[in-house]
Number of protein chains: 2
Amino acid sequence: MSAKKTPDIVIGRLPLYLRVLNQLWEEGRTTTNSQELGERLGLSAAQIRKDLSHFGGFGKYGAGYEVAYLREQLRRILHLNRVWPVVLVGAGNLGRALADYPGFRENGFEIVAVFDNDPQKIGLALAGLTVQDVAWLEAVIIEKGIQIAILAVPARVAQAVADRLIAAGIRAILNYTPARLKTPPDVRVQDIDPVARLQHMAYYLE
Amino acid sequence: MSAKKTPDIVIGRLPLYLRVLNQLWEEGRTTTNSQELGERLGLSAAQIRKDLSHFGGFGKYGAGYEVAYLREQLRRILHLNRVWPVVLVGAGNLGRALADYPGFRENGFEIVAVFDNDPQKIGLALAGLTVQDVAWLEAVIIEKGIQIAILAVPARVAQAVADRLIAAGIRAILNYTPARLKTPPDVRVQDIDPVARLQHMAYYLE
DNA sequence: TAGATTGTTAATCGATTAACAATC
DNA sequence: TAGATTGTTAATCGATTAACAATC
């Protein structure tokens, strides 16, 4: 009875499709097809078509896909037809690099507040923002209705900070700490874990 | 006839198992079992046992696993019984944050050289190293026999730098750029793509 | 021995690929 | 129309889960 949910693994590929479409767009291309997309992504043409079919028919029989149209549809599906405000917690080396990174804003995410608990860092200017005392975390999230957080704090405080974020209304966390966060089912977490990635690759080396 | 290769998806979970074992070790625990590991990792006990079974029997019937022993075995399997030298290419905001991050060294990977092509950055001291001209990239990789690189350069030069790395002998690349690198089959690439991760999560937000 | 937990086999589930009718 | 490529169905492949004999 209930419609089958689109698999999460499919959702995870859509941002990759979108990036390739952005590239094609910048190259001035107006149409493409599942074979070309597959080649650029290292996936099969069949998978591209299957993935897209979860959301409807975006192509033209015999002619492929219009770059601008498919790009727009993917942006709509992923809820990227707006800029999402994001809070960044942690203004250490990594947090500062993230605050300065223009790629977030260019792709739909704007860091609108940065927090730290270190008095040495509070008040610092960072990418046009001022580092705020983490004491105001909840107040800012609630006032601005923010749903997305980037977590770049020491691992030992990661869970405690995540709990506060979630209590204040955060529903998606980009987790740069190696901690495995315990979160309710309606909160999404994506781990950025470079050490685990290196260890994974080391298996194949001699 | 040929033994079935352990699935890559299993290899990718071993670093997570290792991290939990390190935690248990630090907590002074001497034994654990598949159920506890599963709980800490958010996986089923059956999966833990199945994954480990690809490499042999590490547990004791009725008693679970010895933390120290299993940890050691995972380190051996992942080739972490040594420190892997790593080159870092790109000394921008992100590259500098990565150079300063102690987690690599603590978990088996030591950045031994940092490169950039910006004369303003060449010569800078960075985490005990001096930023070198990227012209010397091949010479250093070959001389030191380095197999792992971290790529933190602008996206537009990512493929060209990757080609040079591979030609010099690099066999694993931790790719911090959004470029989809084209590499031969014997070169491993792991992408760190925070924007794609945020876009993935945005799908579930309203 | 009885109790507990592993390691492994079989069953289930889900994702990818192949094939092709639909159709522009 | 003929040619091309989609969207979808069916077949294959692979991963996870469940169940239980093995065994300490």
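Note on naming: letters A, B, ... go to the chains in the order of the sequence lines (proteins, then strands), and numbering restarts at 1 for each one.
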Find the distance [X]:[atom1] to [N]:[atom2] and express it as a whole number of Å.
X	N	atom1	atom2	answer
B/Phe55	C/dG7	CZ	P	13 Å
A/Ile11	C/dA15	CD1	P	11 Å
B/Arg49	C/dT8	CZ	C1'	10 Å
A/Phe58	D/dT8	CZ	C1'	15 Å
A/Glu36	D/dA4	CD	P	17 Å
A/Glu66	C/dC24	CD	C1'	13 Å
B/Ile48	C/dT5	CD1	P	15 Å
A/Asp8	C/dA15	CG	P	9 Å

Can you tell which of [options] lies closest to the side chain of [X]?
X	options	answer
A/Lys50	C/dT17, C/dG7, D/dG7	C/dT17
A/Ile9	C/dT16, D/dT5, C/dG7	C/dT16
B/Asn33	C/dT17, C/dT5, C/dA15	C/dT5
A/Tyr61	C/dT23, C/dT5, C/dA15	C/dT23
B/Gln47	D/dT23, D/dT17, D/dT6	D/dT17

task = Using the closest heavy atom to pick a nucleotide of DNA chain C for each, name whichever of A/Ala63 or B/Gly57 lands nearer the 5' end.
result =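 So the residue in question is B/Gly57.
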query = Toward the 5' end of DNA chain C, which comes first, A/Pro7 or B/Ala45, by nearest nucleotide?
reply =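 Between the two, 5'-proximity favours B/Ala45.
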key: D/dA21 pairs with, by Watson-Crick or G-U criteria that keep both distances under 3.5 Å   =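 WC or wobble partner is C/dT6.
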Watson-Crick/G-U partner (both atom distances under 3.5 Å) of D/dC13 =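 When the pairing criteria are applied, C/dG14 turns out to be the nucleotide that pairs with D/dC13.
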inquiry  = Is the ring pair A/Tyr101/A/Phe104 parallel, tilted or perpendicular, if the boundaries are 30 and 60 degrees?
reply    =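 If you compare the ring of A/Tyr101 with that of A/Phe104, the planes turn out perpendicular.
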query = With a 4.0 Å cut-off, would you call B/Arg40 and B/Glu27 a salt bridge?
reply =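 Looking at B/Arg40 and B/Glu27, the cut-off is met.
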query = Counting any heavy atom closer than 4.0 Å, what does A/Ala46 reach on the DNA or RNA strands: base, sugar-phosphate only, or nothing?
reply =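 The answer is base, as A/Ala46 lies within the cut-off (heavy atoms under 4.0 Å) of a base atom.
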request  = Ignoring hydrogens and angles, state whether a donor on the side chain of B/Asn93 or A/Arg96 is under 3.5 Å from an acceptor on the partner side chain.
outcome  =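 Note: B/Asn93 and A/Arg96 side chains miss the donor-acceptor criterion.
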inquiry  = Distance alone, cut at 3.5 Å: any donor-acceptor contact between the side chains of A/Gln159 and A/Asp163?
reply    =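 Yes, A/Asp163 and A/Gln159 have a side-chain donor paired with an acceptor closer than 3.5 Å.
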inquiry  = Please determine whether salt bridge (charged side-chain N to carboxylate O under 4.0 Å, His left out) holds for the pair B/Lys144 and B/Glu110, giving the CA-CA distance in whole Å, both sets of side-chain angles, and the decisive distance to 0.1 Å.
reply    = CA-CA 13 Å; B/Lys144 302 198 180 183; B/Glu110 180 168 14; over 6 Å; no
For [N], does either OP1 or OP2 sit under 4.0 Å from a side-chain N or O belonging to [X]?
X	N	value
B/Tyr65	C/dG7	yes
A/Ser44	C/dT17	yes
B/Ser34	C/dT5	no
A/Arg13	C/dT16	yes

task = Apply salt bridge (charged side-chain N to carboxylate O under 4.0 Å, His left out) to A/Lys60 and A/Glu66, showing your working.
result = CA-CA 8 Å; A/Lys60 292 187 181 162; A/Glu66 279 193 28; 2.8 Å; yes
